[in-house]
Engineer: 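Let me begin by handing over the structure; questions about it come next.
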Amino acid sequence: MTGEVTIAAPVGEVFDMVADERNEPRYNPRIVRAEMVGEGPVGLGSRFVAAPRGMGAKGEMTMELVEYDRPHHVRTEVRSPYLQVEGTVTCAQTDGGTRLRWDWDMRLLGPMRVLSPVLAVIGPRWERRNWMGLKEYMESGRRVESEGGAGPGRRGIP
């Protein structure tokens, strides 16, 4: 699944919002909880646990940042009992703000594999909706300076 969106915000802010999985519930209504595993700043090797809506404890996903080049490139591996995802998000400064591109390889596992044709149809739309949610969130003015975070220019909500 690939796509791109332009967000009217500085590249560092967009990258930091995306690289820190704890932010995803702010712009993706399908994720209800996301926490960082361990301590320290977000960067290479950071791990997170997230829970999708309606999946319960069995649906928890673990994410790890396996490549991290702030503010341009982050590669993530996602694992759960039913899903495996490897993907890259890149951010580039443009005249209109930041061009965010995503490229995901998603595979359903176990009994869920039978739903692979459905994922191929609805997955790209879901991903586009996620990133449009990020765009709306970043451009809404709801973000304010947070304490800590992924790096210089890091933003979050109070």
Side-chain angles (χ1 to χ4, degrees), residues 1-37 42 46-66 68 71 74-91 96-150 153-158:
M1 293 180 221
T2 61
E4 72 177 50
V5 63
T6 299
I7 300 171
V11 68
E13 290 183 20
V14 174
F15 180 89
D16 291 342
M17 181 65 70
V18 171
D20 189 339
E21 178 62 24
R22 295 171 292 187
N23 292 318
E24 190 165 356
R26 296 175 182 166
Y27 58 86
N28 181 354
R30 289 192 339 264
I31 301 296
V32 295
R33 178 180 51 82
E35 300 167 353
M36 188 167 176
V37 176
V42 173
S46 290
R47 295 181 61 229
F48 303 88
V49 175
R53 184 171 307 285
M55 295 298 288
K58 292 180 181 180
E60 279 194 349
M61 303 178 293
T62 60
M63 284 141 270
E64 182 174 355
L65 304 183
V66 296
Y68 185 87
V74 64
R75 183 165 182 77
T76 306
E77 290 182 357
V78 179
R79 303 286 182 263
S80 80
Y82 61 91
L83 178 71
Q84 183 175 344
V85 182
E86 295 177 8
T88 303
V89 171
T90 57
C91 296
T98 300
R99 183 181 57 245
L100 180 139
R101 290 185 178 164
W102 64 91
D103 185 2
W104 299 115
D105 179 18
M106 296 182 158
R107 290 181 295 281
L108 292 171
L109 305 173
M112 297 292 283
R113 281 190 320 233
V114 299
L115 297 175
S116 292
V118 175
L119 179 64
V121 172
I122 65 173
R125 281 185 282 183
W126 279 359
E127 277 305 300
R128 178 112 185 118
R129 195 173 325 144
N130 291 348
W131 299 117
M132 290 305 292
L134 174 67
K135 174 182 173 67
E136 291 169 14
Y137 180 81
M138 296 291 299
E139 293 177 355
S140 72
R142 287 183 286 173
R143 55 197 163 90
V144 298
E145 288 293 331
S146 70
E147 303 202 18
R154 176 75 182 91
R155 308 274 263 183
I157 66 170

Engineer: Which residues pass the salt bridge (charged side-chain N to carboxylate O under 4.0 Å, His left out) test with Arg101, sequence neighbours left out?
Structural biologist: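 For Arg101 the salt bridge (charged side-chain N to carboxylate O under 4.0 Å, His left out) partners, ignoring immediate neighbours, are Glu4.
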Engineer: Not counting sequence neighbours, which residues clear side-chain hydrogen bond (donor to acceptor under 3.5 Å, both in side chains) with Glu127? List them please.
Structural biologist: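 Applying side-chain hydrogen bond (donor to acceptor under 3.5 Å, both in side chains) to Glu127 gives Trp104, Asn130, Trp131.
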Engineer: How long is the gap from CZ on Arg47 to CD on Glu21, to the nearest 0.5 Å?
Structural biologist: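 Rounded to the nearest 0.5 Å, the CZ-CD separation comes out at 13.0 Å.
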Engineer: With sequence neighbours excluded, tell me which residues meet salt bridge (charged side-chain N to carboxylate O under 4.0 Å, His left out) with Arg75.
Structural biologist: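 Result, salt bridge (charged side-chain N to carboxylate O under 4.0 Å, His left out) vs Arg75: Glu86.
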Engineer: Please name all residues satisfying side-chain hydrogen bond (donor to acceptor under 3.5 Å, both in side chains) with Arg107, sequence neighbours left out, ordered by chain then number.
Structural biologist: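 side-chain hydrogen bond (donor to acceptor under 3.5 Å, both in side chains) list for Arg107, sorted by chain: Asp105.
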Engineer: How long is the straight-line distance from OG1 of Thr6 back to NZ of Lys135, given to the nearest 0.5 Å?
Structural biologist: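 Going from the NZ atom of Lys135 to the OG1 atom of Thr6 covers 6.5 Å.
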Engineer: Taking all atoms of both residues into account, what is the closest heavy-atom pair of Met63 and Val49, and its distance?
Structural biologist: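 Between these two residues, the closest heavy atoms are CE-C, 4.3 Å.
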Engineer: Quick one: side-chain hydrogen bond (donor to acceptor under 3.5 Å, both in side chains) partners of Arg33, sequence neighbours excluded?
Structural biologist: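 Counting only residues at least two positions away or on another chain, Arg33 forms a side-chain hydrogen bond (donor to acceptor under 3.5 Å, both in side chains) with Glu60.
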Engineer: Hey, mind stepping through Val85 and Thr76 against side chain to side chain contact (heavy atoms under 4.5 Å, CB included) and telling me if it holds?
Structural biologist: CA-CA 8 Å; Val85 182; Thr76 306; over 6 Å; no
Engineer: For a quick test of reading the model, state the closest non-hydrogen atom pair linking Val14 to Ala9 and the distance between them.
Structural biologist: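 The pair with the smallest heavy-atom distance is CG2-CB, 3.9 Å.
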Engineer: Answer whether the closest heavy-atom distance between the side chains of Glu24 and Phe48 falls below 4.5 Å.
Structural biologist: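 No - every pair of side-chain heavy atoms lies 4.5 Å or more apart.
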Engineer: Do Tyr82 and Leu109 have side chains that approach each other closer than 4.5 Å (heavy atoms only, starting at C-beta)?
Structural biologist: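 No, their side chains stay 4.5 Å or more apart.
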Engineer: Partners of Asp103 by salt bridge (charged side-chain N to carboxylate O under 4.0 Å, His left out), sequence neighbours excluded?
Structural biologist: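 Not a single residue meets the salt bridge (charged side-chain N to carboxylate O under 4.0 Å, His left out) criterion with Asp103.
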Engineer: Give me the atom names and distance for the closest heavy-atom approach of Gly12 to Pro71.
Structural biologist: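 It is CA-CB, 3.9 Å.
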Engineer: So Arg22 and Val42, do their side chains get closer than 4.5 Å, heavy atoms only?
Structural biologist: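 In short, these two side chains touch, coming nearer than 4.5 Å.
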Engineer: Trp102 and Val5: which non-hydrogen atoms are nearest, and at how many Å?
Structural biologist: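 That closest heavy-atom pairing would be CZ3-N, 4.0 Å.
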Engineer: For Cys91 and Thr98, work out which heavy atoms get closest and say how close.
Structural biologist: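 So the minimum-distance heavy-atom pair works out to CB-CG2, 3.8 Å.
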Engineer: Nearest 0.5 angstrom please: Met138 CE to Asn23 CG, how far?
Structural biologist: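 Rounded to the nearest 0.5 Å, the CE-CG separation comes to 9.0 Å.
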Engineer: Evaluate the side-chain proximity of Met61 to Ile31: yes if any heavy-atom separation is below 4.5 Å, no if none is.
Structural biologist: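 They are in side-chain contact.
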Engineer: Counting C-beta onward and ignoring hydrogens, is there a side-chain heavy-atom pair between Leu83 and Leu108 closer than 4.5 Å?
Structural biologist: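 Side chain of Leu83 against side chain of Leu108, heavy atoms only: contact under 4.5 Å found.
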Engineer: If you define the side chain from C-beta out and look only at heavy atoms, does anything of Leu134 sit under 4.5 Å from Ile7?
Structural biologist: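 The answer is yes, as the side chains (C-beta and beyond) meet within the 4.5 Å cut-off.
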